[in-house]
Amino acid sequence: MSDPGAGLGLGKDLVGLEPLGREQILGILDTAEPFKEISERQIKKVPVLRGQTIVNLFFEPSTRTRISFEFAEKRLSADTVNISSSGSSVEKGETLVDTARNLEAMRINMVVVRHGSSGAAGFLADRIPSNVINAGDGQHEHPTQALLDLLTIRDRFGSIEGRRVCIVGDILHSRVARSNIWGLLKCGAEVAVCGPRTLIPAGIGDLGVRVLRRVEEAIEWGDVLYVLRLQLERMKGGYVASLREYNRVFGVSSERLRLASDDLIVLHPGPMNRGVEIDSDVADGERSVILPQVTNGVAVRMAVLYLLAGGQPELAETAKGGVA
Ligand code: CP
C-alpha cells in the first residue's frame with residue numbers, strides 16, 4: 001500500500017466529514033461497494049490489511065460501532081486489540097494521549113477512538129503518527145455513522161443528490177446529526193431538522209438546513225426520515241417535559257407515517273428507545289432500513305481502513321479478491 005488516504009487525498013486520519021469534499025465522500029462510498037460482498041461469503045476474510053495492528057479505544061459504551069469496526073478489521077486480516085476505559089489504566093488517571101503513546105510504543109498502525117469529549121479524536125490525531133479514526137467524539141462528529149447512512153440512502157434511491165432528508169429528535173446533543181448534515185449537504189441532499197425548540201441548536205439554519213416544527217410536516221416533506229435517539233444520558237437541563245410527552249408530540253408512529261410518500265424510508269443510528277422517539281411497528285416495519293444501515297457499517301468501515309492504510313479506491317475490487 002502507498003501513502004495514507006492517497007487515492008482520495010483523505011490524509012492520515014478520519015476525524016469528521018466537515019473537512020471532506022463531495023468527491024472524497026462519494027469516493028469512500030464507492031470504495032465500500034466491493035467490500036459489501038466479503039461479509040456475504042462463507043469465509044469472510046481477505047488479506048487486505050495483513051500485518052497491520054489496529055487498536056479500538058472505546059471510552060464510551062458502544063455496540064454497533066465497536067463490533068462493526070472489529071468485524072471490518074478482522075475480515076481484512078488486521079490484528080486487533082480492544083481497550084475500554086474500564087479495566088485499563090485510564091481508571092488510574094492516565095490521559096488519552098499517554099495511553100495512545102504507550103500503545104504506539106508497542107508498534108501499532110491505527111487507532112479507532114470513541115470518546116465522550118468533543119474534539120478528542122482530532123486532539124489525538126494531532127499528537128500521534130498512527131492513523132486515527134473517529135468512532136464518535138462527544139457532540140462533535142461520528143463520520144463512519146454518517147457514511148453508512150449515506151450509503152444506505154444511496155442504495156435505496158440510486159443517488160443522494162436532491163433527496164429530502166429530515167433528521168428528527170435531539171439534534172443539539174447529536175454527533176450523528178452533525179456528521180450527517182455535513183455529508184448530506186456536500187452530496188447535494190436537501191436537509192431539514194425537526195424537534196423540540198430546546199433540542200435544535202441556535203443558528204442551525206446558517207448551515208443551509210431548514211427547521212420544521214412539526215413531525216407531521218417532516219413526514220410529508222421528506223424522502224428520508226432520520227430518527228434520532230433521545231440522549232437521556234446527556235440531558236441534565238430538562239430539555240423535554242417527559243418521555244411520554246415527547247412521544248405524543250414527536251414520536252414516529254405508523255399512524256403518522258400515513259402522511260408519507262410511498263417511498264419514504266426510516267433510518268435510526270441506534271440504540272433505539274422504542275416507544276419514545278420511534279414506535280416498534282415503525283422500527284420493524286417495511287419502511288425501516290435500520291438493519292441494512294448496520295450491515296453497511298461493516299463495508300464502510302472496511303473502506304475507511306483500506307483507504308487510510310494507503311489503498312487505492314480503484315483497486316478495492318481487486319484487493320478484496322484475494323483469499324486470506
Ligand atoms: N450508532 C452507534 O454509534 O451505535 P453504538 O453506540 O452502539 O456504537
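Both counts, for ligands and for their atoms, begin at 1 and track the order of listing. Because the structure is predicted, anything quoted here is derived from the model rather than measured.
Ion pair K186/E23 not flagged as a salt bridge, since none of the NZ, NE, NH1 or NH2 atoms sits closer than 4.0 Å to an Asp/Glu carboxylate oxygen. Using a 4.0 Å cut-off between charged nitrogen and carboxylate oxygen, R154 and D30 count as a salt-bridge pair. One finds a salt bridge joining R248 and E245 here, because a Lys/Arg side-chain nitrogen approaches an Asp/Glu carboxylate oxygen to under 4.0 Å. Between E33 and K36 a salt bridge is recorded (basic side-chain N to carboxylate O distance below 4.0 Å). Salt bridge status for D284 with R274: present, with a side-chain N to carboxylate O gap under 4.0 Å.
Between the E141 side chain and the E18 main chain, a donor and an acceptor come within less than 3.5 Å of each other.
Sorted by chain and number, the heavy-atom contacts of ligand 1 below 4.0 Å come from S62, T63, R64, T65, R114, H142, Q145, P269, G270.
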